[in-house]
Amino acid sequence: MARAQGVRYDASHPHAEHTHMTAASGARPEPPFAELPPDEQLFRMRHSAAHVLAEAVLQLFPDAKYAIGPPIEHGFYYDFDLPRPLTPDDLHDLEARMRASVARDVPITGRQIPKDEARRLFAGQPYKLELIDDIAEPTVGHFVHGDFQDLCRGGHTERTGQLGAFTLTHSAGAYWRGDERRPMLQRIYGALFPTPGELDAYLEAVEEAGRRDHRRLGRELDLFHLDPISPGSPFYHQKGAVLYNALVDYIRDLYLEYGYAEVITPQIFETELFKTSGHYQNFRGDMFIFTAADERELAVKPMNCPGHCWLYRTGLHSYRELPLRLAEFSRLHRNERSGVLHGLTRVRSFAQDDSHIFCEPAQVASELALFFAMTRRVYDSLGLTDVAVYIAGRPERYVGTPEDWSAAEAQLEAAVRAEGWDCGLLPGEGAFYGPKVEFHFKDALGRSWQVGTIQLDMNMPERFGLTYIGADGAEHRPAMLHRAILGSLERFLGVYIEHTEGRFPLWLAPVQAAVIPIADRHLPYAEEVGAALRAARLRPAVDGSSQRMQAKIREAQLQKVPYMLVVGDREAAERAVAVRTRAGGDLGAMPLDALIARLAAERDTRAVL
RNA sequence: GCCCUCAUAGCUCAGUUGGCAGAGCGCGUUCUUGGUAAGAACGAGGUCAUGAGUUCGAAUCUCAUUGAGGGCUCCA
């Protein structure tokens, strides 16, 4: 399995071919700012705000070296090389200077200048000089407002007074050009919207997202916690383990239907296995490797594929038994660098709904179709509709020929489109052994995470010398597909907790019904109700605490329990329960048996709600 | 890994110029016995992340370590 946990941010941008200059360049005149489409105006406001930020930084730090400052999804940023770390007070100061520049309302003008002239103008600005050297054209864009000048390809407001509503949000470290071997710069982020109302709405949405954070909900709902005693490795509490197992059970059910063979392979291998697969050479730094007492070098598995290849190789295979779909839920361990760990979405210890499909090359198309059908069903059944599908293409380091890659990428894209999904392209993002299809969902803060994936492997069958006997009696090389629908269960849970805000459908809810006795004397009947639910394999929790009923209801609501069953004298007398749903609806009294039938049906159909 | 920030009760957080460790929630006990989102009183609970240093004195200042949070091309 490739680096299935990799983070990626949305690369699409509506202004990717934004190359035209303003009228000052002498090229074709452009319409006045006020007549541009709204998204173009917003793009320009954010871009100009970045310039105004750089102006302010240069006022505060005359020796600052400024790098790049693009508009981004919610605003803008600019990277600087500064003599000292920025403090929150600096951000306030800079924001005030920006507002002063806005108040001056000076024109922003741009023109094309020869590179030699640009080098003179940006003498002493090493990052700008590097950018000038990297530009292919003979001339570069030069933009000016007031005393400030910048190297820039353009796309600006006409004046500094047209920036809309903005605020500087935070600063962070960022490598020059994203390269960890190059200098660490200080990046200042700002949010910008056309009106104060939109800016406030955005800032409020960010705060709201904090309330849906899976790390917070994990604690509040007693699902899991992360602990310094094992960084990046979740402790699932009872309720979290119920969720985890319910997801595994669901996928396992589908495996029966879709013809998968679940296997269990070792956690620890001689490193020879990973040398054969190539992971040892390529990802050694991400693996937990240790030496046993007898000097043998062992490794904890970071993925299942080498083990599955090894298992495949232990027997002879006929074309008649292909496709062979080996599935496994084992826990995997990767020694992720400490700085990238993040809640459940980026961990060191995790499990996948992993499978490797060995098939005849001619069966790849039908396997893709089968996988997509299964994937759609799972996402639909979980109420996940905002999926983004990407094809990740040939990276710089790859095995095979460019022709093989192009054919494989085309095959994947055709299969995705046949399923009716739109797909984006991520050139260079494929695994070294083959292209991938990736399924992404966003977390509460809008960060995009890969969950499901299917990948063609043009390498491992070769490395492990895998074969099958064809109808012609000769040995053939099987095709291999790596695939997961939920991907890392940890990551999926993280994203899913944020998606649902902890309001899980009944079949996943750790506690499906809270049984609430009104007074102590109703506790025996409440226990009876609980026992009846458990007998139907439902998960009740009887609240025998000495609080008032109202407090018990509040507690169940906060725990996002789907059903609350209030029992008092009337219910006990009639073997009934008074049903309240999580959504706040009072369904009134219902015979206990009818309630159980209703919950069981909701569970068995895995109703989303 | 790198940059910045942070670490005080189970949780959320106060703690002033260095001078006796605090609140709310939660937890326990007792009272209350209730009809759809918080009944009341009392009580327990701390190696102020860890280790050094400065100081008469450190939660507070310095350094190191560990962990956590934000970020590390959305490319002039």
Side-chain angles (χ1 to χ4, degrees), chain A residues 7-16 18-19 46-47 50-51 66-79 82 84-88 118 122 127-128 130-132 134-135 140-143 150-155 169-189 213 215-216 219-220 222 225-232 285 336-343 445 448 516-523 546-558 564-571 578-581 584-589:
Chain A
V7 194
R8 191 161 12 259
Y9 298 93
D10 189 0
S12 67
H13 195 286
H15 301 276
H18 191 99
T19 53
R46 287 170 174 169
H47 195 182
H51 278 219
Y66 55 136
I68 59 171
I72 54 174
E73 190 173 349
H74 302 293
F76 57 93
Y77 71 76
Y78 213 116
D79 288 346
L82 300 175
R84 64 167 174 83
L86 289 163
T87 66
F122 291 102
Y127 303 103
K128 296 297 179 190
E130 181 176 330
L131 291 168
I132 292 168
D134 286 355
I135 291 169
V140 299
H142 181 246
F143 275 73
D150 204 350
L151 180 74
C152 182
R153 74 175 158 198
T169 54
H170 60 291
S171 63
Y175 295 105
W176 168 233
R177 299 199 146 180
D179 185 339
E180 64 187 16
R181 290 161 305 193
R182 309 206 62 181
M184 175 64 70
L185 306 176
Q186 295 190 66
R187 174 169 297 175
I188 301 173
Y189 284 93
D213 189 311
R215 295 165 296 188
R216 179 195 182 107
R219 193 170 51 237
E220 290 175 353
D222 197 20
H225 85 277
L226 290 152
D227 200 298
I229 202 67
S230 183
E336 301 282 358
R337 298 189 291 179
S338 59
V340 304
L341 298 178
H342 179 89
L445 283 174
S448 181
I516 298 174
I518 290 174
D520 281 357
R521 67 175 180 278
H522 307 124
L523 192 51
S546 65
Q547 300 173 95
R548 299 183 59 209
M549 177 202 66
Q550 283 84 348
K552 294 176 186 175
I553 288 175
R554 178 168 193 270
E555 180 62 21
Q557 285 285 160
L558 291 175
M564 281 147 272
L565 311 179
V566 177
V567 295
D569 292 327
R570 296 198 294 268
E571 289 75 19
V579 183
R580 175 188 163 109
T581 66
D586 186 350
L587 302 187

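We name chains A, B, ... by the order of the sequence lines, and we start the count at 1 in each one. Atoms considered below: every heavy atom in the structure, side chains included; atoms not considered: hydrogens, waters and symmetry mates.
- Side-chain atoms of A:Val340 lie closest to B:G1 of the nucleotides B:U73, B:G1, B:C74.
- Dashed line: the shortest gap from a side-chain N or O of A:Ser338 to OP1 or OP2 of B:G1 is under 4.0 Å.
- Nucleotides B:A59 and B:C6, compared at atom C1', are 15 Å apart to the nearest Å.
- At B:U12, one or more side-chain N or O atoms of A:Arg219 fall inside 4.0 Å of OP1 or OP2 (strictly under the cut-off).
- Distance noted for atom C1' between B:A38 and B:C2: 47 Å (whole Å).
- Computed from coordinates, the A:Leu341 CG to B:G67 P distance equals 9 Å when rounded to whole Å.
- Comparing B:G71, B:G35, B:A68 by their closest approach to the side chain of A:Met549 singles out B:G35.
- Look at NE2 on A:His342: it is 7 Å from P on B:G69, rounded to the nearest Å.
- Nucleic acid contact class of A:Ala556 (heavy atoms, under 4.0 Å, all strands): none.
- Atom pair A:Ile553:CD1 and B:A37:C1' shows a separation of 7 Å (rounding to whole Å applied).
- In this structure a side-chain-to-backbone donor-acceptor pair under 3.5 Å is present from A:Arg46 to A:Glu73.
- Looking only at side-chain heavy atoms (C-beta outward), A:Gln547 and A:Arg554 stay at 4.5 Å or farther from each other.
- Side-chain N/O atoms of A:Tyr78 include none lying less than 4.0 angstrom from OP1 or OP2 on B:U73.
- Side chain A:Arg580 to base B:A37: a donor-acceptor pair is found below 3.5 Å.
- Rounded to an integer number of Å, the gap from A:Leu82 CG to B:G71 P is 20 Å.
- B:U73 atom P lies 23 Å from atom OH of A:Tyr66, rounded to whole Å.
- Between A:Arg548 and B:G39, a side-chain N or O to OP1/OP2 separation shorter than 4.0 Å is present.
- Distance A:Lys552 NZ to B:U33 P: 14 Å, rounded to the nearest Å.
- Between A:Arg153 atom CZ and B:U73 atom C1' the separation is 12 Å, expressed in whole Å.
- Ranking B:C72, B:U36, B:A37 by closeness to the A:Gln557 side chain, first place goes to B:A37.
- OP1 and OP2 of B:C72 both lie 4.0 Å or more from every side-chain N or O belonging to A:Arg182.
- For A:Arg216, the salt bridge (charged side-chain N to carboxylate O under 4.0 Å, His left out) test picks out A:Glu220, with sequence neighbours left out.
- Among the nucleotides B:U73, B:C75, B:U33, the one closest to any side-chain atom of A:Asp520 is B:U33.
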| remark: Taking Watson-Crick and G-U wobble contacts under 3.5 angstrom, with | marking pairs to another strand and [ ] crossing pairs, the secondary structure of RNA chain B is written (((((((..((((.....[..)))).(((((.......))))).....(((((..]....))))))))))))....
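- Nucleotide B:U29 holds its P atom 13 Å from the CD atom of A:Gln547, rounded to whole Å.
- The side chain of A:Pro231 lies closest to B:G67 when the candidates are B:G35, B:A38, B:G67.
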